[in-house]
Student: 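I am attaching a structure below and will ask some questions about it afterwards.
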Amino acid sequence: MKENLILIGFMGTGKTSLGKLLANKLGRGFVDLDQKIENDSGMTIPKIFELHGEKYFRELEKKAVREVSERKNLVIATGGGTVKDSENVRLLKSSGKIVCLTCDPEEIFRRTERRGERPVLDGGGEERLKTIKKLLEEREKFYNQADYKIDTTEWSPLQIVSDICSHFHF
Ligand code: S3P
């Protein structure tokens with residue numbers, strides 16, 4: 001059985017869309033952690049934050065990580081904050097290879113412009129770009145735990161997929 005391929009990185013770096021492409025190319029199953037949390041709880045992510053707060057969301061996220069880490073042969077797209085938790089990182093690392101997608105803050109700002117989808121950024125108001133830069137800085141050390149990093153700012157999705165596959169000799 002092959003191990004999992006796990007995508008981490010900030011919101012808007014393309015984890016979900018590149019994860020789907022990678023899974024297709026490699027003939028593996030695809031799990032998007034946020035989608036799994038929404039399916040399992042019957043609520044959207046913004047609704048979970050609104051009704052129960054971030055702490056509760058992080059508990060659901062931990063449960064989802066525990067479950068997917070036991071499976072094999074998957075491409076897994078995590079949420080932007082999943083790797084802030086050291087137990088999540090430990091489980092994900094033990095289940096496969098971790099790739100971190102990076103992107104310039106200005107491009108993240110553009111890609112995450114649609115409101116109402118990402119509670120962590122919606123709080124930022126007019127200061128959204130500043131919030132993005134601040135969170136990127138705070139989270140850098142968590143994202144740095146990846147086995148491989150790739151900048152998605154200018155590359156096309158197909159270039160990124162092919163770079164990841166050749167790096168791991170898939
Ligand atoms: C979050 C990122 C989101 C989602 C939640 C919290 C974060 O996932 O898990 O809104 O803390 O960065 P995406 O990175 O897929 O947007």
Side-chain angles (χ1 to χ4, degrees), residues 4-23 29-69 74-89 91-92 95-96 98-125 127-146 148-153 155 157 160-161 164:
N4 295 323
L5 180 64
I6 301 129
L7 301 180
I8 69 170
F10 202 76
M11 293 165 268
T13 51
K15 300 180 294 291
T16 301
S17 47
L18 290 167
K20 283 182 190 160
L21 283 176
L22 276 161
F30 173 67
V31 176
D32 180 77
L33 220 56
D34 284 339
Q35 190 65 58
K36 176 173 166 47
I37 294 167
E38 293 193 334
N39 294 344
D40 293 352
S41 68
M43 284 179 280
T44 62
I45 306 282
K47 203 76 200 162
I48 299 172
F49 271 74
E50 186 195 319
L51 294 181
H52 304 284
E54 177 167 355
K55 192 161 172 276
Y56 181 70
F57 169 75
R58 297 298 172 197
E59 284 167 23
L60 298 183
E61 190 175 46
K62 273 175 94 81
K63 182 166 171 283
V65 168
R66 277 198 294 273
E67 287 175 15
V68 290
S69 300
L74 294 175
V75 176
I76 300 167
T78 60
T82 308
V83 293
K84 288 198 302 175
D85 182 279
S86 59
E87 176 67 2
N88 286 348
V89 174
L91 286 171
L92 292 170
S95 94
I98 301 187
V99 174
C100 178
L101 306 176
T102 65
C103 185
D104 288 353
E106 288 75 15
E107 179 60 18
I108 290 178
F109 179 79
R110 278 189 288 276
R111 292 185 193 174
T112 56
E113 224 152 21
R114 238 181 338 175
R115 304 212 154 239
E117 286 183 0
R118 292 179 167 100
V120 175
L121 288 186
D122 275 354
E127 305 275 284
R128 217 162 58 83
L129 182 57
K130 266 200 200 152
T131 307
I132 290 171
K133 288 182 176 164
K134 181 174 141 274
L135 285 174
L136 276 171
E137 210 178 294
E138 280 172 21
R139 293 181 175 185
E140 199 184 352
K141 58 179 179 294
F142 303 115
Y143 297 141
N144 277 342
Q145 299 173 95
Y148 185 57
K149 260 185 154 183
I150 177 160
D151 189 341
T152 69
T153 311
W155 281 25
I160 297 162
V161 164
I164 292 173

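All figures in this text were calculated on a predicted structure; none of them were measured in a lab. Order of appearance sets the numbers: ligands from 1, and atoms from 1 within every ligand.
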Student: How about Leu5 and Ile164: do any of their side-chain heavy atoms sit closer than 4.5 Å?
Tutor: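 Touching, per the 4.5 Å side-chain cut-off.
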Student: Hey, is Asp85 close enough to Lys62 for a salt bridge, meaning N to O under 4.0 Å?
Tutor: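 So Asp85 pairs with Lys62 through a salt bridge.
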Student: Could you please provide the protein residues found below 4.0 Å of ligand 1 on a heavy-atom basis, arranged by chain and number?
Tutor: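 Within 4.0 Å of ligand 1, the protein residues are Met11, Lys15, Asp34, Ile45, Phe57, Arg58, Gly79, Gly80, Gly81, Arg118, Pro119, Val120, Arg139.
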Student: Charged N to carboxylate O under 4.0 angstrom, Lys133 versus Glu137?
Tutor: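 Not counted as a salt bridge, because no side-chain N and carboxylate O are separated by less than 4.0 Å.
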Student: Quick check: are there more than 12 heavy atoms from other residues, nucleotides or ligands sitting under 6.0 Å from CD of Glu117?
Tutor: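 Correct, the count exceeds 12.
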Student: Could you check whether the rings of Phe57 and Phe49 sit parallel, tilted or perpendicular, using 30° and 60° as the cut-offs?
Tutor: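 The rings of Phe57 and Phe49 sit tilted, inter-plane angle from 30° to 60°.
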Student: Please indicate whether Lys63 has more than 12 foreign heavy atoms, meaning atoms of other residues, nucleotides or ligands, lying under 6.0 Å from its NZ.
Tutor: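 Incorrect, the count does not exceed 12.
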